[in-house]
Amino acid sequence: MITAKNRSRPYAEPGLDKIKIKTELPGPNARKIVAEDSKYLVTTTKSLPVVGYRGKGLFVEDVDGNVFLDFSSGISVTNVGHVHPYVTQKVKEQLDKMWHFAGTDYYYKEQVDAARAIAGIVPGNFQKKVFFSNSGTESNEAAIKIAKAHTKRQQFIAFIGGFHGRSNGSLSFTASKASHREGFFPSMPGVVHVPFPNPYRNPFGIDGYEHPDDLVEQTLEFIEKYVFKTYLPPDEVAAFLVEPIQGEGGYIIPPKTFHKKLRKLADDSDILVIMDEVQTGFGRTGKFFGSEHFGVNPEIMSLAKAIASGIPMGAVVVNARLDFDHPGMHSNTFGGNLIASAASIATIEVMKKEKLVENSAKMGTYLKKRLLELQEKYDEIGDVRGLGLMTAIDFVKDQRTKEPASKLRDEVEHKSYENGLLLLSTGQSAIRIIPALIVNERQIDMGVEALDNAIKQSI
Ligand SMILES: Cc1ncc(COP(=O)(O)O)c(C=O)c1O
């Protein structure tokens, strides 16, 4: 049961409630670990030399005793805050009972309870079924197979700027940075990319904030009049794979009508729409799922990241009509593992009891207001965008041409860290500001002050 003691708010761990930088950065212990990391770990995407030791709520202490305000949430994973007391309690209880019992071969109640809890919050008035995976890319791999199996079609359409993972199937859909794919061709055949209706920068030259309907029309016409008519017959297409809001592509929010119209276009040719909510899910956008802002109920939804607060887990939630028609078509070893299931059930309970989705919407409005004040102050901020606490600012060399200021953005990310604020970049020139959904106004003010200082020091 969630009690006053294991709630997240109000929450303050002694010594972990404000920024405290007491060594040079990185500190001596951090420097040692970073050096060993580069010796023993394969190169990935690390960008800042911050070495975490413990986390509580919005704050992370590093191995040198420096305390950072975490406005990165482990890339939108720790949405309930670090080490939420109730989720911790439920995981500990489960650790004492059983860890693993091959949930795709045998049965246990925790997996069913987790599936029921997740199906219960995913929108759509139809029976849903869940396949559990361990990550976002694996959820998309499953979704791709479900679409192929159901439609008996082989072709897919994805969007420029989209990110869906790095395993070989999902990588074929990913199109947010060429470096992700460089050296890894040929990719899975059968994926065609089309423009996403990015209101700020798009190939049609439309100001999508002023003329959202024109942008949606051009985007869909491109598919209908060019793609379908010239080289990809729609009745060969199994599915669209799309994010409600592009995450790694720069926090791009399409016009309000886009997803509904895309769904209509898809339905007209019996094409499925896979909604990748890996980054937008679990309250990040001020609703439980990003697609709810657009009035669509996806029949296939990919999930991961915040689903279990940091215990690895992913899921695909599908309309029951799309279930595989015989055993053996898909499975795995760890999906819906007992610890992950316990963490996921507890996460959803916390989100509901503590009204974190509502807090995300409310604090998102406040955060955006504070970021718009920064934009007033700095010509270098070309765009402030966001829904709920899925927020980003985009740096430009020139407000009129909107030329991305990538170097400046990288510098701001680094200087923020030196000011005790953890942020993550996204897209070519944006930086995301994504605190845990338990954040309050005081913590937002603290973060905006650190960001303001960082921008001042970078330009
Ligand atoms: C929208 C989206 N889909 C899929 C993925 C891949 O998730 P994972 O890194 O867990 O494989 C990500 C990761 O950032 C994502 O943002």
Side-chain angles (χ1 to χ4, degrees), residues 42-47 72-79 131-147 156 158-177 179-181 184 187-188 191 193 196 198 239-254 259 273-285 289-291 293-294 298 300-317 332 334-337 340 343-344 347 386-387 389-392 423-427 430-432 434:
V42 162
T43 304
T44 53
T45 45
K46 289 187 170 86
S47 58
S72 69
S73 302
I75 334 182
S76 207
V77 168
T78 52
N79 281 8
F131 173 78
F132 282 115
S133 72
N134 306 282
S135 65
T137 197
E138 202 196 326
S139 296
N140 281 325
E141 296 292 348
I144 293 162
K145 284 179 73 177
I146 288 167
F156 289 87
F159 290 85
I160 294 168
F163 184 92
H164 303 288
R166 295 166 183 274
S167 51
N168 283 303
S170 67
L171 182 63
S172 314
F173 293 76
T174 286
S176 56
K177 273 198 192 113
S179 58
H180 296 157
R181 303 182 60 163
F184 300 117
S187 48
M188 184 188 107
V191 184
H193 285 88
F196 190 73
N198 177 342
F240 287 91
L241 176 50
V242 65
E243 294 157 271
I245 298 160
Q246 287 189 333
E248 297 307 300
Y251 279 31
I252 311 298
I253 308 167
H259 286 290
V273 177
I274 303 167
M275 192 64 79
D276 182 344
E277 292 254 18
V278 167
Q279 188 150 173
T280 47
F282 294 91
R284 176 51 57 195
T285 68
F289 297 97
S291 46
H293 289 279
F294 302 92
I300 311 182
M301 188 187 275
S302 304
L303 299 170
K305 290 198 189 283
I307 189 170
S309 297
I311 304 289
M313 191 190 221
V316 195
V317 183
N332 61 10
F334 287 123
N337 160 286
S344 185
T347 298
L387 282 175
L389 286 168
M390 184 169 185
T391 319
L423 298 174
L424 283 167
S425 61
T426 178
I431 204 156
R432 50 194 135 191
I434 47 170

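Indexing begins at 1, ligand by ligand and atom by atom, following the structure's order.
Counting heavy atoms from C-beta outward, Ile245 and Thr285 have side chains that approach closer than 4.5 Å.
Each of Thr137, Ile144, Asn140 was evaluated against His164; a single residue qualifies, Asn140, per the side-chain contact (heavy atoms from CB on, under 4.5 Å) test.
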Short N or O contacts of ligand 1 with protein, under 3.5 Å, listed by atom name?
residue  : atom   : partner : partner atom : Å
ligand 1 : 3 (N)  : Phe163  : O            : 3.4
ligand 1 : 3 (N)  : Asp276  : OD1          : 3.2
ligand 1 : 3 (N)  : Asp276  : OD2          : 2.7
ligand 1 : 10 (O) : Gly136  : N            : 2.8
ligand 1 : 11 (O) : Gly136  : N            : 3.4
ligand 1 : 11 (O) : Thr137  : N            : 2.8
ligand 1 : 14 (O) : Lys305  : NZ           : 3.0
ligand 1 : 16 (O) : Gln279  : NE2          : 2.8

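In this structure, Phe173 has its ring center at least 6.0 angstrom away from the ring center of His193. Between Phe334 and Phe132, the ring centre distance reaches or exceeds 6.0 Å.
Side chains of Gln246 and Gln279: no donor on one and acceptor on the other come within 3.5 Å.
Between His259 and Phe294, the ring planes are perpendicular. Angles over 60° get that label, and only those under 30° would be called parallel.
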